[in-house]
Amino acid sequence: MASNEFQPLQGMSDIYAPEIYLWRMIEERARKLFACYGYEELRTPSLEKLSVFKRSIGDTTDVVQKEMYSFEDRGGRELALRPEGTAGTIRHLAGRGEEGQNARVFYIAPMFRCERPQAGRKRQFHQVGVEATGEPNPLADAECIGLQQHLLEEWGLTGSRIQISTRGTASDRQPVADGLRKALQPHLKELCEDCQRRIDENVLRVIDCKNESCSKVVDQIPSAIEFMSDESRQYLDTVIQTLEKMGIAVEVNPKLVRGLDYYVHTVWEITHGALGAQNAIAGGGRYEIALGKKAVPGVGFAMGMERVITSLENCGITAEQFAPQGGLWLVSLGDNALAENMKLARELRGKGVRCGMDLEAKSMKAQMRRASRAAAGKVIIRGDEELSKGTAIVKDMKEGSQEEQSLEEVLRIS
Ligand code: HAM
């Protein structure tokens, strides 16, 4: 049994080869696509003042109330490990004045939530996300969803569903809360204990409660959208119509609430059938985050990388497909060849060739075994005889053929 001494904390993972090749593919393709859409990378610290998250995500949300790793540092300051990327991003952009009001940034970073670990739910997980602060209108929301759809295509992930809804504007909050409370009142006893409390605190959370009897009640009452203004409904319609024109299919799900308080207008979630109960691979929406005097409007999304990877693997896309392949392995017959191969390896690597070798004079068989394990395309064999002639035996590992070549020719192999 593996000793705990060597394990990371519960709900956290070491990520290593071969799985890391899939991570790298996701990151590289995302960076490339983000550049096409004009997004610049932003790296904010993992640790922030607790108030950054409390003020933007919302005091009564599960993320803030139950899931944050927060503590006081030695100076008595209240800090927290970021549970998500939007709050820190907007903290940064708000500090950049005018420039920050019209920015497009992306991040690929670890996030921390002290949730009960289960399949698909981790305590350290990773998000690839974007936030755009300029152009607060429905087209920006549609473009953002379009980017996400594009990203899924680049990764080769099929079979996901986009569900969309609206949180309305700030002035819809009260009529929506009043309308829902009134509609829920006759069903109070059918709601779970948590929801009986939430009805006063944060009634929208009743709408997305996973408890079966709460869900039955919610099916019987009007949806939150029905209590919203015409303007808010029109906003959502424009997003959906724009997406239709772009050829992107979305399903309207009025029960979609999203567990973060900063949202206004459009919210969405992407789910994948390959996942179990934790089936959301991504969440996003339009928001307004007030830090300091000014509220920063923005739109963005975050995709859970662990869940994207599980979905990819379920679609038959494996890490091995992205493992580094080819390159050279230098085999040294004797100490002279070993020393000369050190020099040759340095030259080849300097030319950008993937190249490996044993660093002690082992048997030919042992060195060939390592060459196959490294998936080398070609093996370069040198002993005293080849050194004196300035040549090498080049063996093609796929074909099994071999021939003697000059050192100049070897240096041209890439
Ligand atoms: P979120 O829905 O809380 O949204 O998280 C986005 C995604 O992160 C989820 O769909 C899921 O794939 C992944 N995720 C969340 N929690 C966990 C966990 N414990 N373990 C594994 N994966 C997890 C946000 O974080 C917002 N900041 C998204 C956003 C950006 N909205 C606007 N801009």
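Whatever order the structure lists them in is the order used to number ligands and atoms, beginning at 1.
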Close N or O approach (G284, ligand 1; < 3.5 Å): no
Atom 28 (C) of ligand 1: which of A132, S56, G88, G283 has the nearest heavy atom? G283
Identify, for atom 5 (O) of ligand 1, the protein heavy atom at the shortest distance, and state residue, atom and that distance. Q127 NE2, 3.2 Å
Among T89, L260, I90, D62, which one puts a heavy atom closest to atom 24 (C) of ligand 1? L260
What do you reckon, does Y262 have a nitrogen or oxygen under 3.5 Å from a nitrogen or oxygen of ligand 1? yes
Looking only at protein heavy atoms, which one is nearest to atom 14 (N) of ligand 1, and how far off is it? F125 CE1, 3.4 Å
Test of ring centre spacing under 6.0 Å for Y21 and F322: no
Do any nitrogen or oxygen atoms of K122 come within less than 3.5 Å of a nitrogen or oxygen of ligand 1? yes
Does E131, backbone or side chain, put an N or O under 3.5 Å from an N or O of ligand 1? yes
Can you spot which of F112, W23, Y107 makes a ring-ring contact (aromatic ring centres under 6.0 Å, His included) with H126? W23
Is A302 in polar range of ligand 1, meaning some N or O pair under 3.5 Å apart? no
Protein heavy atom at shortest distance from atom 1 (P) of ligand 1: R258 NH2, 3.6 Å
